[in-house]
Amino acid sequence: IYVYNVLLKTLRRAEQWEIARGVAEKMAEDGIIPDNITYSTLISFAIRCRQPEEALKWFQRMRESGCTPDAVTYSAMIDVYAKTGRMDEAADLCLRMQKDGLPRDAVAYSTMIKLHGMQGNFEEMMDVYEEMQFKKVVPNVVTFNSMISVLGNAGKTQQVMRLFHDMLSSGLKPSPVTLSLLFRTYAKARNAEEAFELYRTIKKEGWTVDTVVYNTLLSLCVQLGKIEEGELFHQELLEDKKCRPDDWTWRTMADLYVRAGRLEEGRQLASEMLQRGRTPDIPIYMSLIQGYGRKKEMKTVVELVDEMQAGKIPLD
RNA sequence: UGGACGUAG
C-alpha cells in the first residue's frame with residue numbers, strides 16, 4: 001500500500017490522471033485495500049486535474065468501502081466542495097468532521113476560513129480565526145494568507161494591514177504569496193505609495209520574493225499608471241538572479257507600454273520575445289491590438305494579426 | 001506516502 005501511495009503521489013506531480021485511475025483499479029485487482037492516504041491523494045489529484053466529479057466519486061467509493069475519513073480527507077473534501085461552489089455540502093462536512101470527534105488542525109481551519117471568505121461572510125470568517133486562537137491552534141502563514149486574500153479582494157485594506165501586523169508579531173515570516181497579496185490589496189486600494197514602501201521593506205528585511213511578486217507589483221504599476229516605476233521594477237526583476245520573467249511578466253510589460261501610449265515599445269517587446277525563443281501569447285497581442293485600435297492605426301492592427309498567424313498563434 | 005493561500009483579457 002505504501003508503494004502504491006507513493007506511486008500515486010508521483011503521478012500527481014505529473015498530472016497523469018488517466019494513469020492514476022488505472023493504478024487505482026490495479027490496486028483493487030491485487031486485493032490491496034486503499035486507505036485514507038490513498039483516497040486523499042486521489043481526491044486532491046482529481047481536483048488538481050480539474051475533475052471534481054472524479055473527486056466526488058472517490059469520496060463516495062471510500063464511504064462505501066467502509067473507510068472512515070480522517071482530518072486530512074475531510075479537509076481535502078471540504079476544499080473540493082468549496083471549489084465547486086457547493087457551499088452547503090462543504091459546511092455539512094465541517095459539522096460531520098466535528099461529530100466524528102476529529103479536532104481541527106491549522107489546515108482545516110484555513111480551509112474553513114477560505115470557505116466563509118468565498119461567500120463574503122467576513123464576520124464568520126473572523127469568528128473562525130478567533131475560535132482557532134481560543135482552541136490554541138496556531139495559525140500558520142497560509143491561514144493568514146487566506147484571510148488577507150479575502151479581505152484584500154473586498155477592499156478591506158485596514159483589516160489586511162492589521163492581520164499582516166499580527167502575522168509578523170506572531171513571529172511568522174511573510175511568504176511570497178503574502179507579499180503578492182499585499183501588492184494586490186494596495187492595487188485595489190489605489191495606494192501606490194504604500195506599495196512602494198512595502199517594496200523597500202521587503203528589500204530591507206530580506207524577505208523572499210518570486211516572479212509572481214514582481215508581476216503583481218508590475219500589474220499595480222499598470223493599473224495606477226506608474227510607468228517609470230514599473231520599468232524600474234522590471235529592471236530589478238531582470239537583475240534578480242533568483243527570479244526569471246515568465247509569460248505573465250511579458251504580458252504585464254506589454255500592458256504597461258500600451259497604457260503609457262508607448263505602443264512601439266510594446267511591439268518591440270513582442271519581437272524581443274521571439275528573439276529569445278519565446279512565443280508572444282494571445283493576451284500580449286490583445287493589449288497591442290487594443291492599443292493600436294484605440295489610436296485608429298488600423299494598418300498596424302492588421303500587421304499584428306498577420307504576425308499572430310505567421311507565429312501560428314490561433315485566433316480564439 | 002495524503003489536505004489549505006497569490007499575478008491576466
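Below, read A as the first sequence line, B as the second, and so on, with proteins coming before strands; counting in each chain starts at 1.
With G6(B), C5(B), G2(B) as the candidates, the nucleotide lying closest to the side chain of Arg184(A) is G6(B). Ranking G6(B), G3(B), C5(B) by closeness to the Ser180(A) side chain, first place goes to G6(B). The side chain of Lys114(A) sits closest to C5(B) out of U1(B), U7(B), C5(B). When each of C5(B), G3(B), G9(B) is scored by its nearest atom to the side-chain atoms of Ile282(A), the top-ranked nucleotide is G9(B). Side chain of Asn36(A), nearest nucleotide from G2(B), C5(B), U7(B): G2(B). Considering only side-chain atoms of Trp248(A), the nucleotide from U1(B), C5(B), A8(B) that sits closest is A8(B). In the set C5(B), A4(B), G9(B), C5(B) carries the atom at the smallest distance from any side-chain atom of Val177(A). Minimum atom distance to the side chain of Ser219(A) is reached by A8(B), of the listed A8(B), A4(B), G9(B). Taking only side-chain atoms of Val212(A), from C-beta outward, the nucleotide of U7(B), G3(B), C5(B) with the closest atom is U7(B).
Judged by atom type and distance alone, Asp70(A) reaches the base of G2(B) through a side-chain donor-acceptor pair under 3.5 Å. The base of G9(B) has none of its N or O atoms less than 3.5 Å from a complementary donor or acceptor on the side chain of Asp255(A). With hydrogens and angles left out, the side chain of Asp281(A) and the base of G9(B) share no donor-acceptor pair within 3.5 Å. A donor-acceptor contact under 3.5 angstrom links the side-chain atoms of Asn140(A) to the base of A4(B). Remark: the Thr41(A) side chain and the G2(B) base include no donor-acceptor N/O pair separated by less than 3.5 Å.
Contact annotation for Arg251(A): base contact, defined as any heavy-atom pair under 4.0 Å involving a base atom. Counting non-hydrogen atoms under 4.0 angstrom, Val3(A) reaches nothing in the nucleic acid. Asp246(A) comes within 4.0 angstrom of no nucleic acid atom, judged by non-hydrogen atoms across all strands. Base engagement by Asp105(A) is indicated by at least one non-hydrogen atom pair under 4.0 Å involving a base atom. Among the heavy atoms of the strands lying under 4.0 Å from Val107(A) is at least one base atom, whether or not backbone atoms are also near. Counting any heavy atom pair closer than 4.0 Å across all strands shown, Ser75(A) reaches a base atom. At a threshold of 4.0 angstrom between heavy atoms, the contacts of Thr111(A) are confined to the sugar-phosphate backbone, with no base atom among them. At a threshold of 4.0 angstrom between heavy atoms, the contacts of Thr249(A) with the nucleic acid are absent. At the heavy-atom level, Ala82(A) lies nowhere under 4.0 Å from the strands shown.
Salt-bridge formation is not detected for the pair Lys156(A)/Glu123(A): no Lys NZ or Arg NE/NH1/NH2 atom is positioned less than 4.0 Å from an Asp or Glu carboxylate oxygen. Between Glu29(A) and Lys26(A) there is no salt bridge, since no side-chain nitrogen of the basic residue lies less than 4.0 Å from a carboxylate oxygen of the acidic one.
The nearest whole Å value for the distance from the OH atom in Tyr186(A) to the P atom in G6(B) is 20 Å. The distance between atom CG of Leu93(A) and atom P of G3(B), rounded to the nearest whole Å, is 18 Å. Rounded to a whole Å, the CZ atom of Phe164(A) is 15 Å from the C1' atom of C5(B). Following rounding to the nearest Å, Met77(A) (CE) and A4(B) (C1') show an atom-to-atom distance of 14 Å. Between the NE2 atom of His116(A) and the C1' atom of A4(B) there is a distance of 14 Å, rounded to whole Å.
Proximity of Lys226(A) to Phe196(A): side-chain heavy atoms (C-beta onward) are separated by under 4.5 Å at one or more points.
In this structure, Arg104(A) does not reach the G3(B) phosphate: none of its side-chain N or O atoms is under 4.0 Å from OP1 or OP2.
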Side chain to side chain donor-acceptor pair (under 3.5 Å) between Asp92(A) and Tyr81(A): does it pass, once the steps are laid out? CA-CA 10 Å; Asp92(A) 205 55; Tyr81(A) 283 129; over 6 Å; no
Tyr292(A) vs Glu303(A), side chain to side chain donor-acceptor pair (under 3.5 Å): CA-CA, chis, key distance, verdict: CA-CA 11 Å; Tyr292(A) 281 104; Glu303(A) 275 172 28; over 6 Å; no
Run the ring-ring contact (aromatic ring centres under 6.0 Å, His included) check on Tyr214(A) and Phe183(A) step by step: do they pass? CA-CA 9 Å; Tyr214(A) 279 109; Phe183(A) 283 128; 9.1 Å; no
Could you please spell out the steps behind the side chain to side chain donor-acceptor pair (under 3.5 Å) verdict for Asp255(A) and Thr252(A)? CA-CA 5 Å; Asp255(A) 265 338; Thr252(A) 313; 5.9 Å; no
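Remark: the Ser44(A) side chain and the Arg12(A) side chain contain an N/O donor-acceptor pair separated by less than 3.5 Å. Ser271(A) and Gln275(A) are not linked by any side-chain donor-acceptor pair at a separation below 3.5 angstrom, with hydrogens and angles left out of the test.
Taking a 4.0 Å limit (strictly below) on heavy-atom distances, residues 284-303 of chain A reaches RNA chain B at Met286(A).
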